[in-house]
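For the numbers below, each heavy atom of this structure counts, side chains included, while hydrogens, waters and symmetry mates do not.
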2 protein chains.
Amino acid sequence: MNEKLTESLENYLETIGMLIKKNKIARVKDISKELNVKNSSVNIALNVLADKGLIIHEKYGYVELTPEGKKIADDIQHKEDVLLRFFTEILGVDKDIALKDACRMEHTISDETLAKLIFFIGKVDKESSFKKAIQKNMKG
Amino acid sequence: MNEKLTESLENYLETIGMLIKKNKIARVKDISKELNVKNSSVNIALNVLADKGLIIHEKYGYVELTPEGKKIADDIQHKEDVLLRFFTEILGVDKDIALKDACRMEHTISDETLAKLIFFIGKVDKESSFKKAIQKNMKG
DNA sequence: AAAAAATGTTAGAATAATATAACTTTAAAA
DNA sequence: TTTTAAAGTTATATTATTCTAACATTTTTT
């Protein structure tokens with residue numbers, strides 16, 4: 001069990017988590033709009049996620065995350081947040097571009113690299129010598 | 001024209017470029033071994049790449065890169081190199097893990113973010129204040 | 001040079017992700 | 001409350017990537 005999800009399924013889970021956080025509920029329509037796919041594609045993905053025990057979805061009803069599904073959704077969201085912060089705050093990448101990059105890389109960064117990146121960002125926040133040099137990077 | 005390649009096709013191109021650099025020639029067998037796929041899968045991918053004008057592949061012959069194909073292969077390899085350096089030299093990630101991460105992220109990092117990352121790595125190399133703090137990160 | 005081994009190719013099947021089109025159910029309007 | 005609109009579902013098809021198995025060609029051995 002616990003086999004790695006595909007990038008597509010991870011995106012569905014993450015989107016569901018985001019919608020629940022934002023609107024309290026997640027509907028098929030909102031998921032398809034967010035991911036730029038058709039309702040039928042969402043349905044197929046939801047069936048797969050339900051089979052894996054990551055969501056609950058009664059016919060014609062809202063979509064809910066199981067505890068396990070929520071854990072995965074939160075994990076991916078966290079990776080996105082870390083990458084986004086690194087790209088924007090430290091590298092000085094434009095926010096839109098940084099977000100797109102983060103949304104793609106969040107599926108491939110390893111836990112080890114993520115941990116090092118988090119540690120690095122923390123260091124930068126604390127050490128003023130870092131910050132000064134980083135300001136220069138922002139302009140380039 | 002110039003439509004974005006799939007991650008799979010990018011990997012084939014990059015591998016072909018690497019093999020040519022290493023062995024002067026690239027054979028189906030070596031590509032399949034490198035990418036852990038079957039010869040038949042390689043053949044199908046080679047047909048697609050040949051259709052796109054990125055490689056030259058005569059039946060039962062070696063695989064060659066066209067100038068356009070070489071450009072793409074080099075570009076991906078460059079992205080991998082930059083990511084690998086960042087992960088190992090600045091974040092202090094274990095080399096094997098860093099390489100795996102770089103090999104996946106090389107397909108998704110944008111040119112903008114890559115440019116900022118290159119600039120950042122250059123800065124780190126020059127500024128000693130950076131280096132000191134980074135040594136600490138390596139231990140964590 | 002003939003036989004055997006290695007390499008390369010093609011045909012057919014499987015999985016994953018998506019789409020379109022037809023249909024069903026639920027929600028909203030008249 | 002009936003009709004209409006919106007949302008959700010299912011069936012069928014397409015594309016991409018891979019596989020296995022059968023077949024072809026090339027290379028190596030004997």
Residue-phosphate contact under 4.0 Å: [X] side-chain N/O, [N] OP1/OP2:
{"X": "A/H57", "N": "D/dG8", "answer": "no"}
{"X": "A/K29", "N": "D/dA7", "answer": "yes"}
{"X": "A/N43", "N": "D/dT9", "answer": "yes"}
{"X": "B/S41", "N": "D/dC19", "answer": "yes"}
{"X": "B/K59", "N": "D/dA24", "answer": "no"}

Rounded to whole angstrom units, what separation is found between the [atom1] atom of [X] and the [atom2] atom of [N]?
{"X": "B/L5", "N": "D/dT15", "atom1": "CG", "atom2": "P", "answer": "18 Å"}
{"X": "B/N39", "N": "D/dT20", "atom1": "CG", "atom2": "C1'", "answer": "13 Å"}
{"X": "A/N47", "N": "C/dT15", "atom1": "CG", "atom2": "P", "answer": "17 Å"}
{"X": "A/E3", "N": "C/dT15", "atom1": "CD", "atom2": "C1'", "answer": "13 Å"}
{"X": "B/K38", "N": "D/dA16", "atom1": "NZ", "atom2": "P", "answer": "24 Å"}
{"X": "B/I55", "N": "C/dG8", "atom1": "CD1", "atom2": "C1'", "answer": "14 Å"}
{"X": "A/L46", "N": "C/dA17", "atom1": "CG", "atom2": "P", "answer": "13 Å"}
{"X": "B/I25", "N": "D/dT26", "atom1": "CD1", "atom2": "C1'", "answer": "14 Å"}

Mapping A/E7 and A/Y62 to their closest nucleotides on DNA chain C, which lands nearer the 5' end?
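Nearer the 5' end of the strand: A/E7.
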Test side chain to side chain contact (heavy atoms under 4.5 Å, CB included) applied to A/L9 and A/I72, A/L49, A/L54, the passing residue
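Only match with A/L9 under side chain to side chain contact (heavy atoms under 4.5 Å, CB included): A/L49.
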Can you identify which nucleotide, out of [options], has its nearest atom closest to the [X] side chain?
{"X": "B/V28", "options": "D/dG8, D/dA16, C/dG8", "result": "C/dG8"}
{"X": "B/V37", "options": "C/dT18, C/dG8, D/dC19", "result": "D/dC19"}
{"X": "A/S8", "options": "C/dT10, D/dG8, C/dA17", "result": "C/dA17"}
{"X": "A/Y12", "options": "D/dT18, C/dA17, C/dT18", "result": "C/dT18"}

Looking at B/D125 and B/R85, is any side-chain nitrogen of the basic one under 4.0 Å from a carboxylate oxygen of the acidic one?
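Yes.
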For A/E58 and for A/I44, locate the closest nucleotide of DNA chain D by heavy-atom distance; then report the residue assigned to the nucleotide nearer the 5' terminus.
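Result of the comparison: A/E58.
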With heavy atoms under 4.0 Å as the rule, sort A/D30 into base, sugar-phosphate or nothing.
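Nothing: the residue A/D30, judged by heavy atoms under 4.0 Å, touches no strand.
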Would you kindly confirm whether B/L46 and B/Y60 end up in one hydrophobic cluster when ILVMFWY residues are joined by side chain heavy atoms under 4.5 Å apart?
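No; B/Y60 is not reachable from B/L46 via cluster members.
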CG of A/D101 to NZ of B/K116: how many Å apart, nearest 0.5 Å?
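A/D101 atom CG to B/K116 atom NZ measures 12.5 Å (nearest 0.5 Å).
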Heavy-atom count around A/K95 NZ within 6.0 Å, excluding the residue itself: above 12?
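No, because the 6.0 Å sphere around NZ of A/K95 holds 12 heavy atoms or fewer from other groups.
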Determine whether a donor-acceptor pair (one donor, one acceptor, N or O, separation below 3.5 Å) exists between the side chain of B/S40 and the base of D/dT18.
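Looking at the base of D/dT18, it does not pair with any donor or acceptor on the side chain of B/S40 (distance under 3.5 Å).
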Closest non-hydrogen atom pair, B/E106 against B/I109:
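Heavy atoms only, the tightest pair is O-CG2, 4.2 Å.
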